[in-house]
Amino acid sequence: MNRLRLWLLAVGGAGLTALLVAACPGLPRFGGRSHPYGERAVRASLDRHTANTVASVNFDQRAYDTLGEMSILFAAVLGCVVLLRQARDEHRERPEPAAVARPVRRYALIVLPVALVTGLYVVAHGQLSPGGGFQGGVVAATALHLLYLGADYGALERVRPLAVYETSDALAVCAYLVLGLAGVLAGTAFLANTLLPYGTFNTLSSGGAVPLLNAAIGMEVASAVVVLLAAFLDQAVEITEEQGS
């Protein structure tokens, strides 16, 4: 069996190497100032009034790829939750609040609202400036966990109702799919950015469907990271094995 796996790996690796070598001659010259894909991406971004070309690529020109990335995150979090769930030979113990140094407490409680607002700002302005739903969602989700560092685990649990975040994670995935299907129902294509007006360039309402898809990604990423960290923290802080097992 091991020898068969090695042969499959060798054959697959050889095929991939051959494809990469065959593709290299078609690449633009190294260090060149122009790039065919880059020029088309910037032109399409400007045509659809999206100031941030990266956001235009992620949520317009290649929005289908972003759906795949979101699905990978959703599946990964779901898998971790299943693997880290409380087993039959484990029980849950309420952790005792730990002493927190006063400078750490002050820093965490001061930075928490700043980090949370920063994350939401990055999501909201994803079509205008660097950042977007992926980056801002991670910042907003991890900002909540400063409460764990500055106070205790119980305080974090009070602002982190898992049922709410699990529901919002699923709703965000559904929202992205619904926005994609809306294009099909309108007679264009899945995730085609043709339903909404493109608005005024460099404003929050510009970019057509880009802000909505970006917001769905931000909501999904933030919720998924909260649920993921909750699964690991529960194992580390609350869930313990039965004595004698």
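Values in this document were obtained by computation on a predicted structure and should not be read as measured data.
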- Item | Worked verdict on Val139 versus Val122 for side-chain contact (heavy atoms from CB on, under 4.5 Å) | CA-CA 9 Å; Val139 173; Val122 171; 5.8 Å; no

Grab the two heavy atoms, one from [X] and one from [Y], that are nearest each other, plus how far apart they are.
{"X": "Asn214", "Y": "Val123", "result": "ND2-O, 2.5 Å"}
{"X": "Leu204", "Y": "Pro211", "result": "O-CG, 3.9 Å"}
{"X": "Leu147", "Y": "Leu109", "result": "CD1-CD2, 3.9 Å"}
{"X": "Ala172", "Y": "Ala216", "result": "CB-O, 3.4 Å"}
{"X": "Tyr165", "Y": "Ser223", "result": "O-CB, 3.4 Å"}
{"X": "Gly126", "Y": "Asn52", "result": "O-ND2, 2.9 Å"}

If hydrophobic clusters are built from ILVMFWY residues whose side chains come within less than 4.5 Å, do [X] and [Y] share one?
{"X": "Val173", "Y": "Leu67", "result": "yes"}
{"X": "Leu128", "Y": "Val210", "result": "no"}
{"X": "Leu177", "Y": "Val184", "result": "yes"}
{"X": "Tyr198", "Y": "Leu179", "result": "no"}
{"X": "Val164", "Y": "Leu162", "result": "no"}

Under a 3.5 Å distance rule, please check whether [X] uses its side chain to pair with a backbone N or O of [Y] as donor and acceptor.
{"X": "Tyr107", "Y": "Gly150", "answer": "no"}
{"X": "Thr188", "Y": "Gly183", "answer": "yes"}
{"X": "His49", "Y": "Gly199", "answer": "yes"}
{"X": "Ser45", "Y": "Ala41", "answer": "no"}
{"X": "Arg85", "Y": "Val82", "answer": "yes"}

From [X] atom [atom1] to [Y] atom [atom2], the distance as rounded to the nearest 0.5 Å:
{"X": "Leu213", "Y": "Met70", "atom1": "CG", "atom2": "CE", "result": "9.0 Å"}
{"X": "Leu112", "Y": "Thr142", "atom1": "CG", "atom2": "OG1", "result": "9.5 Å"}
{"X": "Leu78", "Y": "Leu73", "atom1": "CG", "atom2": "CG", "result": "11.0 Å"}

- Using a 4.5 Å cut-off on heavy atoms from C-beta on, say whether the side chain of Leu8 contacts that of Arg5. no

- Message: Could you tell me if the side chain of Asp234 sits less than 4.5 Å from the side chain of Leu84, heavy atoms only?
- Response: no

- Can Leu46 and Phe201 be said to form a side-chain contact (heavy atoms from CB on, under 4.5 Å), step by step? CA-CA 8 Å; Leu46 295 177; Phe201 183 77; 4.0 Å; yes

- Message: Below 30° counts as parallel, above 60° as perpendicular, anything between as tilted: where do the rings of Phe134 and Phe59 land?
- Response: parallel

- Query: With Arg62, which of Asn58, Thr66, Asp60, Asp65 fulfils side chain to side chain donor-acceptor pair (under 3.5 Å)?
  - Reply: Asp65

- Any side-chain donor-acceptor pair under 3.5 Å between Ser56 and Thr50? no

- Message: Using the rule side chain to side chain contact (heavy atoms under 4.5 Å, CB included), only one of Val227, Leu171, Val226 pairs with Glu166; which is it?
- Response: Val227

- Show your reasoning for whether side-chain contact (heavy atoms from CB on, under 4.5 Å) applies to Leu144 and Arg160. CA-CA 8 Å; Leu144 293 177; Arg160 190 207 60 186; 5.5 Å; no

